[in-house]
Each structure stands twice: as structure tokens, then as C-alpha cells.
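The structure appears below as C-alpha cells.
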Amino acid sequence: LSVLSNSLHATNDALGASGAGILFGAVGPTVRWSQLGYPEYWPEVNYFNVAEDVESIISWAGSTYIFTNNFIYVASGVADSNIAVTKSSASLGVYPGQGHLTKLTPYGVVYLSREGLTLFDGSNSRVISSNKLSPEYLNPQIKTFNSASFFNNKYYLFTANDTIIADFIDTPNIFFTTTSHAVTASTSTNFLGAVYAESLPSFPGVLDRDYRDWE
């Protein structure tokens with residue numbers, strides 16, 4: 001498998017069980033999924049072929065969304081034996097080779113399409129960077145996009161030159177900023193909610209007390 005879903009496909013039948021849900025993955029245009037409640041076991045009959053290679057997979061709100069270059073498919077079902085895959089009405093897929101930038105947010109799935117940064121709400125997609133960022137900021141032929149993350153109501157797009165930030169705090173009026181902070185790491189993590197630390201470590205001569213309730 002070259003692509004794995006961000007989390008388990010949750011079903012009512014699996015709630016509360018150890019390893020609850022179904023894990024999705026893909027290689028090329030073939031989508032596969034695990035047995036319900038056993039994400040380490042992948043029956044050979046659990047597969048579906050879509051029209052083109054899969055770029056990214058997001059499980060969210062009881063469904064799993066499969067992103068290709070031109071389409072977004074929806075996988076639904078309450079057991080691994082009755083998963084159904086259908087094509088959504090979204091008209092924009094993922095820019096080729098940029099599936100690693102697809103991130104789940106509380107507002108939908110943000111990804112990079114040929115038209116720019118795009119938000120998919122579960123049925124339709126809309127470009128959120130139109131008239132806000134110049135084309136060269138989001139052109140993979142000009143920039144190297146290393147990773148992306150969502151934290152504290154902001155989508156961060158890390159490049160080898162700078163960081164592009166989409167602020168969702170006043171959604172649907174999404175505000176874009178850029179910084180000169182370059183990130184070369186190829187992976188990053190999503191944080192959909194607040195992250196707290198009971199205490200941060202103290203370093204002699206640098207910090208002489210604990211810092212609590214950092215968000």
C-alpha cells in the first residue's frame with residue numbers, strides 16, 4: 001500500500017470495541033480495506049478499483065473519502081463486507097503528487113487542487129485561495145511542498161521557502177498569510193483540538209519553574 005487513511009472508518013457496530021472501525025489503504029487505483037475491528041487483517045476480497053491512482057484517503061464523519069487527481073470517491077458502510085464506493089459531485093481532485101497535503105479539519109478536508117487550496121465538505125469542493133494567493137505561491141512546479149498540518153484553527157502549508165497559513169477562525173472568510181519560515185520535514189501531524197501540557201520540563205539555568213496550561 002502506498003496510501004493509508006488518516007484514521008479508522010468508524011461504524012456504529014464497532015463503537016467501543018478494541019481497534020474499532022476499518023482501515024483503508026490504496027496502491028495505484030486499487031482501494032483496499034481491513035476487516036471490521038481488525039485493522040491488521042486485510043481480506044483479499046475487500047477491494048475496489050477507481051478510475052485513476054489514489055492520492056490520499058480521509059476517514060471522517062462515518063465515511064471515507066478517496067482522493068484522486070480528478071475525482072473524490074465516497075466509501076460508506078457499517079461492515080467491511082458491505083462497503084460501497086461511489087463518486088462524489090466534487091469537481092476538483094488532488095494536484096498530482098500532492099496527496100500528502102490533504103488534511104482533515106473541523107470544516108472539511110483541505111487539499112491542493114490544480115485551482116489552489118480547496119475545501120471539501122463531504123459532497124462538494126470549493127477553492128478557498130482564489131483571489132487571495134497569487135498562482136506562484138501554490139504551484140508545485142515552482143515550490144516544493146514538504147508537508148501540511150492543521151492546528152488551532154489554522155492550516156499550515158510548509159514549503160522549502162516559506163510557510164503559507166490559512167486561518168479558519170472567521171470561516172467562511174478564510175484569511176491567508178505567509179511567513180519566511182521554511183520547513184524541510186516531509187511529515188507533520190494534525191491537531192483538531194486544543195493540546196495541553198500539564199507541565200513542561202525545567203532546564204537548570206534556563207527555566208526555573210514549571211509552565212502549565214499551555215495551549
Side-chain angles (χ1 to χ4, degrees), residues 1-7 9 24-29 31 50-75 85-160 162-168 171-172 174-178 183 185-192:
L1 297 173
S2 57
V3 179
L4 282 174
S5 57
N6 64 312
S7 63
H9 175 99
F24 278 76
V27 57
V31 180
V50 294
E52 50 195 14
D53 289 354
V54 175
E55 290 280 352
S56 50
I57 304 174
I58 297 290
S59 292
W60 171 49
S63 296
T64 293
Y65 301 96
I66 301 154
F67 294 77
T68 70
N69 295 154
N70 294 290
F71 308 106
I72 301 175
Y73 295 85
V74 183
V85 180
T86 58
K87 190 183 296 183
S88 77
S89 58
S91 58
L92 292 171
V94 171
Y95 195 105
Q98 304 302 316
H100 61 294
L101 306 179
T102 306
K103 293 295 178 179
L104 176 62
T105 80
Y107 313 99
V109 181
V110 178
Y111 63 99
L112 184 63
S113 71
R114 289 183 175 86
E115 302 296 325
L117 279 177
T118 306
L119 179 67
F120 175 70
D121 63 7
S123 57
N124 297 295
S125 56
R126 66 182 180 94
V127 181
I128 59 176
S129 60
S130 292
N131 303 318
K132 297 181 180 180
L133 288 178
S134 57
E136 60 266 21
Y137 267 109
L138 295 172
N139 188 343
Q141 297 180 354
I142 298 176
K143 286 191 172 185
T144 299
F145 296 100
N146 292 310
S147 61
S149 186
F150 186 85
F151 174 69
N152 200 23
N153 276 323
K154 296 180 179 68
Y155 174 86
Y156 295 86
L157 184 54
F158 302 112
T159 84
D162 53 20
T163 299
I164 301 169
I165 305 170
D167 194 335
F168 283 76
T171 186
I174 300 168
F175 181 70
F176 283 85
T177 56
T178 61
V183 176
S186 60
T187 60
S188 59
T189 304
N190 258 24
F191 296 94
L192 295 185

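The structure displayed is predicted, hence computed values, not measured ones. Starting from 1, each residue takes its place in the sequence as its number.
Side chain to side chain, D121 and S123 meet the donor-acceptor criterion of an N or O pair below 3.5 Å. A side-chain donor from one of E52 and T68 sits under 3.5 Å from a side-chain acceptor of the other.
Of all the heavy atoms in T159 and N146, the pair that sits closest is C-ND2, 3.6 Å. Listed here is the closest heavy atom pair of G108 and W60: CA-CH2, 3.6 Å. Closest approach of A90 to I72, counting heavy atoms only: CB-CD1, 3.7 Å. Listed here is the closest heavy atom pair of N69 and R114: O-NH1, 3.2 Å. Of all heavy-atom pairs spanning L1 and G25, the tightest one is CD2-C, 3.9 Å.
With contacts defined as side-chain heavy-atom distances shorter than 4.5 Å, the pair I128/F176 qualifies. With contacts defined as side-chain heavy-atom distances shorter than 4.5 Å, the pair V109/L119 does not qualify. Counting heavy atoms from C-beta outward, F168 and F175 have side chains that stay 4.5 Å or more apart. Put simply, the side chain of S5 reaches to within 4.5 Å of the side chain of S59, judged on heavy atoms. I57 places none of its side-chain heavy atoms less than 4.5 Å from the side chain of F67. Residues S129 and L138 have side chains in contact (heavy-atom distance under 4.5 Å, counting atoms from C-beta outward).
The side chain to side chain contact (heavy atoms under 4.5 Å, CB included) check on I165 picks up K154, Y156, T163, T177, T179, with sequence neighbours excluded. Among residues two or more places apart in sequence or in another chain, the salt bridge (Lys or Arg N to Asp or Glu O under 4.0 Å) test is passed with K132 by none. For P29, the side chain to side chain contact (heavy atoms under 4.5 Å, CB included) partners two or more places apart in sequence, or in a different chain, are V50, D53. Partners of D162 by salt bridge (Lys or Arg N to Asp or Glu O under 4.0 Å), not counting sequence neighbours, listed by chain and number: K143.
Side-chain atoms of S113 do not come within 3.5 Å of backbone N or O of Y111 as any donor-acceptor pair.
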Checklist entry - Should Y65 and Y73 be marked as a ring pair (Phe, Tyr, Trp, His ring centres under 6.0 Å) after you check the CA-CA gap, both sets of side-chain angles, and the distance that decides it? => result CA-CA 6 Å; Y65 301 96; Y73 295 85; over 10 Å; no

Checklist entry - Given the rule in the side chain to side chain contact (heavy atoms under 4.5 Å, CB included) test, do L112 and L117 qualify, once you have shown the distances and angles that lead to the verdict? => result CA-CA 5 Å; L112 184 63; L117 279 177; 4.3 Å; yes

Throw together a table of side-chain donor-acceptor distances under 3.5 angstrom for residues 91-102, partners on residues two or more places apart or in other chains.
| residue | atom | partner | partner atom | Å |
| --- | --- | --- | --- | --- |
| H100 | NE2 | F145 | O | 2.8 |
| T102 | OG1 | S56 | OG | 2.9 |
| T102 | OG1 | G99 | O | 3.1 |

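One finds the CD1 atom of I66 at 12.5 Å from the NZ atom of K87 (value rounded to the nearest 0.5 Å). Taking CG from N124 and OG1 from T118, the interatomic distance works out to 12.5 Å, rounded to the nearest 0.5 Å. To the nearest 0.5 Å, atoms OG (S7) and CG (L104) are separated by 7.0 Å.
Each of Y155, F150, F120 was evaluated against Y107; a single residue qualifies, F150, per the side chain to side chain contact (heavy atoms under 4.5 Å, CB included) test.
Counting only residues at least two apart or in different chains, ring-ring contact (aromatic ring centres under 6.0 Å, His included) contacts with residues 123-144 are absent.
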